[in-house]
Amino acid sequence: MHDGATDTAKQIDGEALRVAMAHSLRYAIGKDPVTATLSDWRLALTRAVRDLVVDPWFAATRRAYAEKRKRVYYLSMEFLIGRLLEDAIHNLGLEAAAREAVAAHGVDYAALVDDEPDAALGNGGLGRLAACFLDSMSTVGVAAHGYGIRYEHGLFRQRFDQGWQGEEPEDWLRQRHAWEFERSEVAYPIGFGGEVSPGEGDGALWTPSDTVLAAAYDTPIPGWRGRWTNTLRLWDAQPVREFDLEPFNRGDYMAAAAPSVFAETISRVLYPDDTTPQGKELRLKQEYFFTAASLADILRRHRAMGLEPRSLAAHAAIQLNDTHPAIAGPELVRLLVDDHGLDFDEAFDVASATLNYTNHTLMPEALERWSTDLMGHALPRHMQIIERIDTRHARETKRPDSVRIVDNGEVRMGDLAFISAHRVNGVSALHTDLMKQTVFAELHALHPEKIVNQTNGVTPRRWLYGCNAGMRRLLTETLGSEEWAADLDRIAALAPLAEDAAFRERFQAIKTDNKRACAAWLEREHGVSVDPTAMFDIQIKRIHEYKRQLMNALETAALYNAIKADPSAEFAPRVKIFGGKAAPGYAMAKLIIKLINDIAATINADPAMKGRLAVAYPANYNVSMAEILIPAADLSEQISTAGKEASGTGNMKFAMNGALTVGTLDGANVEIRDAVGEENIFIFGQTAAEVLATRANGYAPQSFIDADPRLAQVVEQIEAGFFSGGDGERFRAVTENLRGHDWFQVCADFTSYYDRQRVVDDAWAKPEEWTRKAVLNAAGMGVFSSDRTIRGYAAEVWGVTPAC
Ligand SMILES: *Cc1c(COP(=O)(O)O)cnc(C)c1O
């Protein structure tokens with residue numbers, strides 16, 4: 001598709017980059033090569049590469065203005081971007097030059113790249129989606145800004161203390177963030193609290209009691225070959241005044257510093273989701289802070305182009321990534337009414353033509369609600385506007401009592417986002433259907449045109465080209481150029497090669513190499529030694545009951561029992577790998593982590609398991625760890641309770657790298673099955689409809705435990721302290737839940753899961769057949785490129801035409 005397109009990235013050879021690096025080291029970093037540390041060299045290369053991004057970045061900006069392109073604004077509380085240096089080097093086609101330049105300075109390239117902190121400004125899939133979308137918007141040429149918060153501390157660093165999760169603050173900004181440009185001239189005052197008095201017409205005068213400044217930091221995001229470059233703008237909260245001079249002069253230094261303490265708290269930490277009321281008010285303030293700053297910036301840019309606020313929707317599309325920025329509806333109305341003199345109805349029409357909302361979860365406890373007291377106190381003017389939006393919607397739909405945004409003393413942010421949006425999208429076909437049937441059933445009946453589906457995707461630049469050098473070379477050679485990285489549909493050409501024994505052998509050799517590298521890393525960094533010829537069976541994602549790491553742990557223990565009971569039985573040798581963090585306040589998830597580690601310790605200490613079964617749980621799962629594990633996976637665990645995982649994106653990354661999936665018909669697994677063929681994926685368990693029926697018919701997990709002696713044995717072992725040095729109390733909450741409510745129906749699906757895993761064993765015993773399936777999995781993944789997703793949003797949600 002892109003062959004022949006102009007690549008705006010400046011071509012530069014290794015020698016030129018070496019000189020540029022030396023120059024940056026000296027004049028940007030201020031270091032002499034003689035004393036430079038690895039980090040200094042990394043910063044020097046980063047600056048040299050960043051310099052090469054600037055021209056394509058300006059070119060894209062100029063083109064967006066010249067062609068009067070409609071702009072897309074992606075508002076997200078989270079951007080799980082990980083490391084940026086290698087990604088930029090790959091996108092700009094600079095790898096050979098960078099390797100040469102770094103080597104010429106006597107520095108190890110892999111170590112240098114590895115030195116970059118992993119920017120963990122997100123929790124999991126939602127934040128990583130935002131990061132993949134940034135890369136894809138730049139690659140397909142959608143003129144876009146990502147807007148978020150420049151958290152001083154991203155997601156906590158996880159460690160294990162005797163198998164229990166411990167949390168340490170993450171400190172990605174300890175070294176300077178060499179990618180960003182500080183824009184001290186771009187800063188907006190953001191108010192909180194205070195009083196509202198009536199103004200003219202529909203307007204009001206809001207006098208906040210507290211004000212902070214939102215200051216912009218820009219990171220350029222170059223797309224493939226620099227054909228387009230966008231901006232990630234992150235807001236830092238700063239005091240309007242650094243300190244109060246009067247208390248300072250009195251010697252009261254604490255009081256003098258109070259203004260900066262309040263302000264800086266707002267962008268201090270990323271909240272792990274799933275946590276309870278603590279910090280609720282601060283979280284609401286964070287959401288308003290970045291949303292208000294972004295909207296102020298969007299309106300400023302719109303007016304700078306000489307355009308009227310009334311025409312905003314023709315020139316801008318704003319995407320709300322989940323409900324976190326849902327205050328955008330009321331805030332945009334406020335700006336248009338109070339600052340620009342529109343009447344309320346006109347303003348709401350502009351807002352609801354500009355905003356779009358992506359829903360990420362159907363779980364009622366995860367849909368945000370704020371008490372009207374808190375909202376009225378923190379954002380009094382917005383509370384008035386929310387009530388007015390609610391009244392207008394009830395009047396227009398002639399449903400005064402059903403679907404109210406303000407209900408039972410709470411503001412329902414999902415409903416607010418839906419009603420304020422032009423389009424509302426789910427993130428997989430199944431999830432979108434369920435959205436229509438459940439959380440938004442009534443709103444969907446009133447607005448049948450609003451809900452559309454845009455199945456998630458992942459960027460093949462990071463998740464294939466970047467993380468799997470072996471596959472990259474094979475694909476490039478097989479497909480004739482590197483353009484597959486920007487046009488993943490080309491990977492379909494692998495399908496016929498699945499029948500070619502020589503090709504299969506090369507494909508498998510790459511997997512084996514990746515597994516060896518992964519095994520060496522596990523040994524070096526985490527002290528576990530595993531057999532790289534065994535099947536690598538991997539489940540990596542946030543620890544949550546609905547994702548059912550517990551079911552995997554129980555199956556692992558049951559397999560252990562089965563091998564012990566019959567040492568001659570033919571089970572595939574396996575390395576089970578777990579990775580993931582639990583939200584610090586989520587006790588059950590933390591207990592499941594400890595159980596996995598206890599089971600791992602028992603199995604790994606048993607000499608009878610040598611070469612048969614091992615369990616590894618490397619601490620502190622993040623993007624960089626995913627980049628090591630995913631290319632090494634044979635089996636991808638996607639085993640959530642059907643109906644609970646909106647899409648999943650880990651599932652796509654694995655299949656792209658030639659892993660087979662064992663999974664339920666949940667989220668995008670359904671579409672992965674359709675893309676790879678049902679004979680090439682291991683589906684098990686209840687469907688979403690069956691899960692609901694089981695619950696409705698009075699689910700009794702104990703009857704499933706009684707029916708499967710393998711499950712019964714493991715539950716009894718846990719209760720007897722078999723995996724925990726005789727401590728029968730430790731996992732009581734886990735086993736009581738299994739025998740009691742078992743909300744996520746682990747017991748109902750266990751038998752089907754265990755039996756399916758034995759079918760996986762049989763498939764593993766036929767390596768040629770396994771590899772054939774693996775090739776067909778990779779070949780079917782074109783549709784899961786986030787470039788496809790972004791083109792879908794462009795056409796069906798934003799109304800923009802991509803430039804590339
Ligand atoms: C892709 C990714 C996720 C999302 O994984 P799921 O399996 O879809 O939940 C979470 N965290 C990281 C670091 C990722 O790269």
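Every number for a ligand or one of its atoms is a count from 1 in the order of the listing.
- Proximity to G125 (heavy-atom distance under 4.0 Å) selects the following atoms of ligand 1: 3 (C), 4 (C), 10 (C).
- Within the structure, the closest approach of K547 to ligand 1 falls below 4.0 Å when heavy atoms are considered.
- Under a cutoff of 6.0 Å and an axis angle of 45°, K581 and F156 form a cation-pi pair.
- Annotation: the span from Y217 atom OH to L234 atom CG amounts to 10.5 Å, rounded to 0.5 Å.
- Taking the ring centre of Y465 as origin, the terminal cationic atom of R472 falls inside the region bounded by 6.0 Å and 45° from the ring axis.
- Residue contact check: G124 has heavy atoms under 4.0 Å from atoms 10 (C), 11 (N) of ligand 1.
- Below 4.0 Å from some heavy atom of N622 lie the following atoms of ligand 1, by number and element: 13 (C).
- Per-residue contacts place K541 under 4.0 angstrom from the following atoms of ligand 1 (heavy atoms of the residue considered): 6 (P), 7 (O), 9 (O).
- Inclusion of G650 in the set of residues having an N or O under 3.5 Å from an N or O of ligand 1 is warranted.
- Atom NZ of K541 is separated from atom CZ of R548 by 11.5 Å, given to the nearest 0.5 angstrom.
- When each atom of ligand 1 is checked for a heavy atom of G648 under 4.0 Å away, the hits are 8 (O).
- In this structure, R159 places its CZ atom where more than 12 heavy-atom neighbours from other residues, nucleotides or ligands lie under 6.0 Å away.
- When only non-hydrogen protein atoms are considered, atom 12 (C) of ligand 1 lies nearest to Y621 OH, 3.4 Å.
- Contact annotation: W463 has at least one heavy atom less than 4.0 Å from an atom of ligand 1.
- Counted within 6.0 Å of CZ on R516, heavy atoms from surrounding residues, nucleotides or ligands total 12 or fewer; the atom is thus considered open.
- Close approach of ligand 1 to V623 is summarised as follows: ligand atoms under 4.0 Å from at least one heavy atom of the residue are 13 (C).
- Using a 4.5 Å heavy-atom cutoff, the side chains of Y357 and T323 are in contact.
- More than 12 heavy-atom neighbours from other residues, nucleotides or ligands sit within 6.0 angstrom of CZ on R524.
- Counting atoms of ligand 1 from 1 in the listed order, those under 4.0 Å from a heavy atom of T649 are 1 (C), 4 (C), 8 (O).
- At a 3.5 angstrom cut-off on N or O pairs, K653 counts as close to ligand 1.
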